[in-house]
Amino acid sequence: MYFSKKLENQIKLGGLLVAAAVGCLFLTGYFGFNNRVADKGYRPEQPVPFSHKLHAGELEISCMYCHTGVEQSSHSPVPSTSTCMNCHSVVKSDSPKIKLVKESYENNTPIEWKRIHYLPGYAHFNHSRHIRAMIDCASCHGQVETMGVVHQENRLSMGWCLDCHRNPEQYIVPARPISGIFTGVDPMNAVNKETGKYKLAVSKPITSPQFGQYETEIPKTIVEGIPTPKHAGFGPENCSACHH
Amino acid sequence: MEKKSIINGKTIFGIILAIPVVLFVAGVLSAQIPWFSEKPPLEFNSDMDNQFKAKTQQGTSFFADRATSRPPVEGTVPREGSKYKLQMNEVASADSLYKNTLVKNDFVLARGKNRFNTFCLPCHGADGKGQGKVVQKGFAPPPSLVVQKASDYTDSKIFHIISAGQGVMPKYADKLSEVDRWAVVHYIRSIQEKNGLKPNSNQQLALSTSTKGE
């Protein structure tokens, strides 16, 4: 016998402890750090087999054709069925894959698209604020136009938001034509011509008039070298900007 | 002399302490791996993530038809501009009801181009000649916008076509604000001019309308 009686008891107790640890700690580690918000790679099956690769990639339909509200509202709504019917009243109207869309249109019932990106109820994200600063969709959603089925590209953690707010230049992809983001008179507005990287425009406060009014142009003054949203609104690290 | 075993109480205690830590870290790390998954993860404790409020794209039990995006209450007036009053076939009234009062400048043209490339390009093509990608895949080919016929249309008529549609072309009043639609009209005019046409613009600048009233 190698062990003393006392040691043997200790080992038995330890074994039990280890077994308990296997159960609890692995699971808390896994599930505690994996919630819906952080679920990178989430790719649910949708009621209609809609492909961004086909529509945005091949057909070059701009993101804003379907996700129209992004410029004005905090949400970027998934299009209503009437948007699909703009084309599918003619194209592939008999395809079995479109059947549900047609039914939804005729009976006025919504299609229940499964939601992929999901911030917790206490954190508020505003698309229009970012889109008007000419930040491309790809900065946050990845290259959606190459995805047959959309998946979540980034963990939407608070650290992720703040990383970019602190060093926007490293994370931001400047507006690309496919997104349909308005960059003002000069399409190169959002890009630093030398580095090819995003440069931040000092944008208008959130409450400024919509594009509809046109009296105020999109940011005229471009300040280079100050790529933080620190001047505007609450400030990017102010808790109440996101947790109001 | 007593043989010194490596496995003494201290090391075992150390191992016992280390295992949970290792497991915990392993759990955390494996949660970081972006597995593609069709199902949302199980949540032990979802904190206050899921609150009783309607998010877009989530059916709600609050309304009988489960739709979260509600049609406007009857009699609602849009905050900006006004609802387009004419139906597709009432082109004739467009000239008198809707006048182009938007001043044309670089900013308006840039906006018009941006909106045109977003909403019209799939069918009409970037050059307006009607060879968009969607047409190549089987949509009814629209007539070219840079021919005499289209340049003879008044601004108001083009505005009407955008707002109410024409034939199989869908209406865009719900997607483009009134000012944006005029900006698109200006942009179409500018590509017509580039093709050597002389557009029949019935533009009426704000100056003259504002002097006649008040």
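Chain A is the first sequence line, chain B the second, and so forth, proteins listed ahead of strands; every chain is numbered from 1.
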S.K.: Testing the basics here: between Met64(A) and Thr118(B), what is the closest heavy-atom pair and its distance to 0.1 Å?
M.R.: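 Where Met64(A) meets Thr118(B) most closely, the heavy atoms are CB-CG2, 3.8 Å.
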S.K.: Report the C-alpha distance between Lys137(B) and Glu58(A) in whole Å, list the side-chain angles of each, state the deciding distance to 0.1 Å, and finish with yes or no for side-chain contact (heavy atoms from CB on, under 4.5 Å).
M.R.: CA-CA 11 Å; Lys137(B) 291 275 188 188; Glu58(A) 268 176 54; 3.9 Å; yes
S.K.: Would you compute the distance between atom CG of Asn117(B) and atom CZ of Phe182(A) and round it to the nearest 0.5 angstrom?
M.R.: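 It comes to 11.5 Å.
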S.K.: Angle between ring planes, Tyr65(A) versus Phe119(B), binned at 30° and 60°: parallel, tilted or perpendicular?
M.R.: tilted
S.K.: Determine, for Lys114(A) against Glu38(B), whether the closest basic-nitrogen to carboxylate-oxygen distance falls under 4.0 angstrom.
M.R.: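 A salt bridge is absent here (no side-chain N lies under 4.0 Å from a carboxylate O).
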S.K.: Hey, is the main chain of Gly180(A) close enough, under 3.5 Å, to the side chain of Arg115(B) for a donor-acceptor pair?
M.R.: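 Flag set: sc Arg115(B) to bb Gly180(A) pair under 3.5 Å.
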S.K.: Might you point out which heavy atoms bring Leu7(A) and Gly9(B) nearest each other, and give the distance in Å?
M.R.: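 Smallest interatomic distance, heavy atoms only, reads CD1-CA, 3.9 Å.
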S.K.: Step through the shown structure and confirm whether more than 12 heavy atoms of other residues, nucleotides or ligands are within 6.0 Å of CE on Met158(A).
M.R.: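 No, not enclosed.
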S.K.: What's the shortest heavy-atom distance between Ala140(B) and Val90(A), and which atoms?
M.R.: N-CG1, 4.1 Å
S.K.: Nearest 0.5 Å, please: how far is CZ in Phe139(B) from NZ in Lys92(A)?
M.R.: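 With rounding to 0.5 Å, NZ (Lys92(A)) is 15.0 Å from CZ (Phe139(B)).
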S.K.: Taking every heavy-atom pair that is under 4.5 Å apart, which of Thr109(A), Val91(A), Ile11(A), Val37(A) has the most such pairs with chain B?
M.R.: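 Highest number of heavy-atom pairs under 4.5 Å: Val91(A).
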S.K.: I'd like to know whether NZ of Lys175(B) has more than 12 heavy-atom contacts from other residues, nucleotides or ligands below 6.0 angstrom.
M.R.: yes
S.K.: What part of Phe13(B) gets closer than 4.5 Å to chain A, counting heavy atoms only: side chain, backbone, both or neither?
M.R.: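 Neither the backbone nor the side chain of Phe13(B) comes within 4.5 Å of chain A.
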S.K.: Side chains of Leu59(A) and Gln136(B): closer than 4.5 Å at any heavy-atom pair?
M.R.: no
S.K.: Side chains of Tyr172(B) and Asn86(A): closer than 4.5 Å at any heavy-atom pair?
M.R.: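 SC-SC contact between Tyr172(B) and Asn86(A) confirmed.
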S.K.: Check whether more than 12 heavy atoms from other residues, nucleotides or ligands sit under 6.0 Å from atom OH of Tyr105(A), and answer yes or no.
M.R.: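 It does not: Tyr105(A) OH has 12 such atoms or fewer within range.
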S.K.: At what distance, to the nearest 0.5 angstrom, does CD1 of Ile181(A) lie from CG of Asn114(B)?
M.R.: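 Result: 9.5 Å between the selected atoms.
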S.K.: Show the numbers, then the answer: is there a side-chain contact (heavy atoms from CB on, under 4.5 Å) between Asp39(A) and Ser37(B)?
M.R.: CA-CA 9 Å; Asp39(A) 196 14; Ser37(B) 64; 3.9 Å; yes
S.K.: Above 12 or not: heavy atoms from other molecules or residues under 6.0 Å from CD of Glu90(B)?
M.R.: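 Yes, because the 6.0 Å sphere around CD of Glu90(B) holds more than 12 heavy atoms from other groups.
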S.K.: Taking atom CG of Asn107(A) as the centre, report whether more than 12 heavy atoms of other residues, nucleotides or ligands fall under 6.0 Å from it.
M.R.: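 Correct, the count exceeds 12.
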